[in-house]
Amino acid sequence: MTYHAEYSKSVETPETFWAEKAANLPWFKQPEQILSKDRNGMDRWFADGEMNTAYMALDYHVENGRADQPAVIYDSPVADTKRTLTYREMRDQVALFAGVLKAQGVEKGDRVVIYMPMVPEALIAMYAVARLGAIHSVVFGGFAPHELAVRIEDAEPKVIVTASCGIEVSKVIEYKPMLDEAIEQAVHKPDACIVLQRPQALAKLVEGRDLDWADAVAAAEPADCVPVKGTDPLYILYTSGTTGKPKGVVRDNGGHATALHYSMKAIYNIEPGDVFLAASDVGWVVGHSYIVYAPLLAGATTIVYEGKPVRTPDAGAFWRLCEEYKIKALFAAPTAFRAIKKEDPEGLEIGKYDLSNLEIIFMAGERLDPPTYHWTIEKTGKPVIDHWWQTETGWAICGNLMGIEAKEPKPGSATLPTPGFNVQILDSEGNELPAGEQGAIAIKLPLPPSCLPTIWNNHERFRAGYLSDFPGYYTSGDGGYKDEDGYVFIMGRTDDVINVAGHRLSTGEMEEIVADHPAVAECAVIGINDTLKGQAPVGLVLLKDGVDIDEEQLEKELIARVRKEIGPIACFNKAMVVQRLPKTRSGKILRKLMRQIADGQEYTVPSTIDDPSSLLEIEALMDERGLMQRS
Ligand code: COA
Ligand code: AMP
């Protein structure tokens with residue numbers, strides 16, 4: 001099978017293509033309606049199919065010869081623990097925990113928020129929710145109570161599942177007080193919270209509301225899989241947009257299972273029984289798709305790694321995992337490899353381990369810079385595949401299909417569109433641009449299975465944010481171009497979303513927090529290049545007239561505010577006072593220009609600028625603060 005044949009079929013006859021892929025999964029009732037419209041006029045996949053994602057990923061494999069195969073391998077250097085759960089054990093624990101949720105009144109369509117670190121119980125909780133046909137919303141543990149509260153408010157969960165703590169290298173982060181604070185802040189209150197007690201920090205339970213995970217499971221009856229429609233939601237995952245309010249990306253059960261199952265072989269070349277490591281976190285889309293769901297849908301083994309690429313204990317962490325568990329493919333964000341490269345530039349740790357089972361390294365989540373790409377290939381001797389995707393799609397929009405036909409890679413490119421994604425580069429009028437010309441990267445409708453059909457509770461935001469710029473296309477928010485061979489080059493976001501250590505964050509949200517400080521009249525937060533984390537936010541602040549405040553003190557206060565409101569992962573560590581913010585005459589802050597200045601890029605001063613000398617001031621200030629040309 002060639003890439004070309006596969007791709008052409010997917011865009012020319014999408015219904016036939018995806019009907020065939022869906023038929024590889026064990027539906028309770030195979031879908032006959034492959035592509036249809038919902039009441040919002042959106043394209044939907046497999047509307048009349050009946051299924052259960054937990055059944056497809058667990059029970060089916062137990063019933064078909066994989067009961068004793070490891071499904072989940074938990075490896076935690078920070079908790080000094082290793083544990084293997086077979087498919088049978090996973091199914092049984094999921095069924096029991098589903099029983100716990102059912103006893104708390106969770107039914108099909110109800111929401112359950114999960115705020116947990118990288119422990120197997122996070123996967124058990126997610127699958128248990130899926131088993132009941134309910135909808136989970138996992139919140140990343142690095143988010144502060146306010147962010148959690150915003151998500152609780154929007155998702156309105158009946159139950160929240162958490163753990164007493166997470167462990168960041170050697171720091172124990174207590175989750176329960178943060179959850180209590182978030183519940184306090186949110187108007188919506190859950191009926192119950194279920195708390196996994198970890199020995200590193202025991203949480204205080206609230207009488208009448210909180211249950212101890214172990215006690216609840218001990219008293220539970222296993223619950224059966226509840227059939228859902230292909231278009232019933234499996235989960236909501238909040239992601240950063242351009243405003244302070246995160247967007248609840250909705251994922252369907254049927255399209256998700258079909259696309260992910262297909263992707264394991266097509267993109268990652270993973271067969272049943274193979275071992276796959278996605279070194280991400282269950283709180284991100286990579287974790288949802290490639291730690292939790294896809295490997296098990298495919299009958300493979302997934303690694304749940306609670307640790308960092310470095311410091312737990314050293315830069316050999318990934319390589320140790322690869323040797324110990326005979327990992328066939330490893331997937332992580334480029335920032336992880338930059339961290340490894342920084343600590344072990346010669347790759348000496350790599351030589352200490354047997355990497356003979358490791359066939360391919362995949363990277364995504366942010367731009368893969370050529371030095372990291374070349375270093376990883378040179379030091380590991382393995383092919384490195386860059387692939388581009390978003391929370392909204394749930395799987396790769398572009399990549400190099402290792403299970404279909406490996407193409408010659410080009411550094412800086414995420415290779416070719418994945419089957420199902422009709423990727424086009426558009427100008428501002430919505431015209432398709434020829435090879436070599438840069439524009440907005442858009443996907444011609446219909447989007448393939450697994451892509452979001454809406455934003456939770458806010459279809460208008462979905463329509464306005466993704467579908468209204470170019471009728472008939474989904475706007476990705478990224479800019480880039482295709483070359484003569486059709487290879488796609490992603491050049492970065494065209495909006496105010498930034499990527500810090502592979503984490504997607506909104507500068508708009510940070511601006512709202514900074515601007516709320518009593519001394520601040522106006523501000524801009526921009527993402528500038530950072531050698532380790534890809535991008536880092538920097539705040540430029542204009543003081544209110546007459547305010548007399550020590551600048552260092554103000555910076556400290558602003559850092560503390562962002563950390564308190566968003567969380568430590570915002571990495572907002574720099575703010576500086578400016579006399580003027582560069583603006584157009586109509587008052588629009590020229591953020592992109594400031595970013596270009598900081599990154600040492602060539603820039604053109606727009607004719608609409610109000611006061612060109614404001615740029616020189618920004619340049620001098622950034623230079624003084626050592627922020628220039630950090631790429
Ligand atoms: N819970 C609580 N706090 C967390 C957290 C979590 N799950 N994850 C990160 N944090 C905290 C960190 O402890 C750190 O806090 P500090 O400022 O008090 O030190 C802060 O958030 C910033 O974290 P991070 O950006 O991860 O920096 P780091 O120095 O701890 O680690 C890397 C740097 C590169 C090793 C790390 O970012 C990494 O492994 N990145 C990979 C990203 C990834 O997997 N992305 C998923 C998309 S594929
Ligand atoms: P998230 O939704 O958190 O996965 O972030 C998605 C965004 O990350 C995309 O819109 C891109 O801006 C960026 N991104 C993801 N993968 C890549 C990649 N391979 N190359 C460049 N940018 C990427």
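The structure displayed is predicted, hence computed values, not measured ones.
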Main-chain N/O of [Y] paired to [X] side chain as donor or acceptor, under 3.5 Å:
{"X": "Asp252", "Y": "Gly255", "value": "no"}
{"X": "Lys382", "Y": "Leu355", "value": "yes"}
{"X": "Ser240", "Y": "Arg504", "value": "yes"}
{"X": "Ser413", "Y": "Val488", "value": "yes"}
{"X": "Gln104", "Y": "Val159", "value": "no"}
{"X": "Arg311", "Y": "Pro309", "value": "no"}
{"X": "Glu306", "Y": "Val119", "value": "no"}
{"X": "Glu509", "Y": "Pro246", "value": "no"}
{"X": "Tyr127", "Y": "Gln93", "value": "no"}
{"X": "Thr418", "Y": "Ile397", "value": "yes"}

If we count only N and O atoms by modelled type, under 3.5 Å, do the side chains of [X] and [Y] hold a donor and an acceptor together?
{"X": "Tyr305", "Y": "Thr312", "result": "yes"}
{"X": "Glu121", "Y": "Tyr74", "result": "no"}
{"X": "Thr86", "Y": "Asp68", "result": "no"}

Is any side-chain heavy atom of [X] less than 4.5 Å from a side-chain heavy atom of [Y]?
{"X": "Met118", "Y": "Ile291", "answer": "yes"}
{"X": "Ile569", "Y": "Val500", "answer": "no"}
{"X": "Gln200", "Y": "Val78", "answer": "no"}
{"X": "Arg111", "Y": "Ser137", "answer": "no"}
{"X": "Thr231", "Y": "Phe46", "answer": "no"}
{"X": "Lys82", "Y": "Glu324", "answer": "yes"}
{"X": "Ile270", "Y": "Pro295", "answer": "no"}
{"X": "Glu107", "Y": "Leu132", "answer": "no"}

Applying side chain to side chain contact (heavy atoms under 4.5 Å, CB included), run through Met402 and Asn400 and close with a yes or a no.
CA-CA 6 Å; Met402 300 312 278; Asn400 198 344; 4.2 Å; yes

When rounded to the nearest 0.5 angstrom, what is the spacing between [atom1] in [X] and [atom2] in [Y]?
{"X": "Asn253", "Y": "Tyr235", "atom1": "CG", "atom2": "OH", "value": "10.5 Å"}
{"X": "Thr53", "Y": "Asp232", "atom1": "OG1", "atom2": "CG", "value": "10.0 Å"}
{"X": "Thr393", "Y": "Trp388", "atom1": "OG1", "atom2": "CH2", "value": "8.0 Å"}
{"X": "Trp375", "Y": "Arg338", "atom1": "CH2", "atom2": "CZ", "value": "12.0 Å"}
{"X": "Arg251", "Y": "Ser450", "atom1": "CZ", "atom2": "OG", "value": "4.5 Å"}
{"X": "Cys193", "Y": "Ile183", "atom1": "SG", "atom2": "CD1", "value": "3.5 Å"}

Give me each pair satisfying side chain to side chain donor-acceptor pair (under 3.5 Å) with a member in residues 151-162, each pair once, sequence neighbours excluded.
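Qualifying pairs, neighbours excluded: Asp110-Lys158, Glu147-Arg151, Asp154-Tyr238, Asp154-Lys245.
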
With salt bridge (charged side-chain N to carboxylate O under 4.0 Å, His left out) as the test, would you mind laying out the steps for Arg83 and Glu89 before giving the verdict?
CA-CA 12 Å; Arg83 207 168 123 204; Glu89 287 165 334; over 6 Å; no

For a quick test of reading the model, state the closest non-hydrogen atom pair linking [X] to [Y] and the distance between them.
{"X": "Ser164", "Y": "Ala201", "value": "OG-O, 2.6 Å"}
{"X": "Glu366", "Y": "Gly534", "value": "OE1-CA, 3.8 Å"}
{"X": "Tyr87", "Y": "Ala300", "value": "OH-O, 2.6 Å"}
{"X": "Gly502", "Y": "Ala333", "value": "CA-CB, 4.5 Å"}
{"X": "Ala71", "Y": "Leu296", "value": "O-CD2, 3.4 Å"}
{"X": "Pro449", "Y": "Ala259", "value": "O-CB, 3.5 Å"}

Step-by-step side chain to side chain contact (heavy atoms under 4.5 Å, CB included) determination, Lys379 to Lys341
CA-CA 10 Å; Lys379 299 298 178 197; Lys341 179 166 78 141; over 6 Å; no

Salt bridge (charged side-chain N to carboxylate O under 4.0 Å, His left out), that's the test. Do Glu6 and Lys265 meet it? Break it down for me.
CA-CA 13 Å; Glu6 181 83 350; Lys265 173 67 186 155; over 6 Å; no

Evaluate His387 against Tyr268 for ring-ring contact (aromatic ring centres under 6.0 Å, His included), listing each step before the verdict.
CA-CA 11 Å; His387 59 326; Tyr268 302 101; 5.4 Å; yes

Determine whether Arg320 and Glu349 satisfy the following criterion, salt bridge (charged side-chain N to carboxylate O under 4.0 Å, His left out), listing intermediate values before the conclusion.
CA-CA 9 Å; Arg320 187 224 4 124; Glu349 290 293 335; over 6 Å; no

Let me see the working for Arg131 and Asp59 under salt bridge (charged side-chain N to carboxylate O under 4.0 Å, His left out), right down to the final yes or no.
CA-CA 10 Å; Arg131 195 171 179 90; Asp59 303 54; 2.9 Å; yes

Should Met126 and Tyr293 be marked as a side chain to side chain contact (heavy atoms under 4.5 Å, CB included) after you check the CA-CA gap, both sets of side-chain angles, and the distance that decides it?
CA-CA 9 Å; Met126 290 164 81; Tyr293 286 113; 4.0 Å; yes

Can you label the angle between the Phe337 ring and the Phe318 ring as parallel, tilted or perpendicular, going by 30° and 60°?
perpendicular

Take Arg367 and Gln535 through the side chain to side chain contact (heavy atoms under 4.5 Å, CB included) test and state the conclusion after the steps.
CA-CA 10 Å; Arg367 178 175 170 264; Gln535 282 186 300; over 6 Å; no

The single option from Trp389, Phe331, Tyr290, Phe140 passing ring pair (Phe, Tyr, Trp, His ring centres under 6.0 Å) against Trp284:
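Filter result, single survivor: Phe140.
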
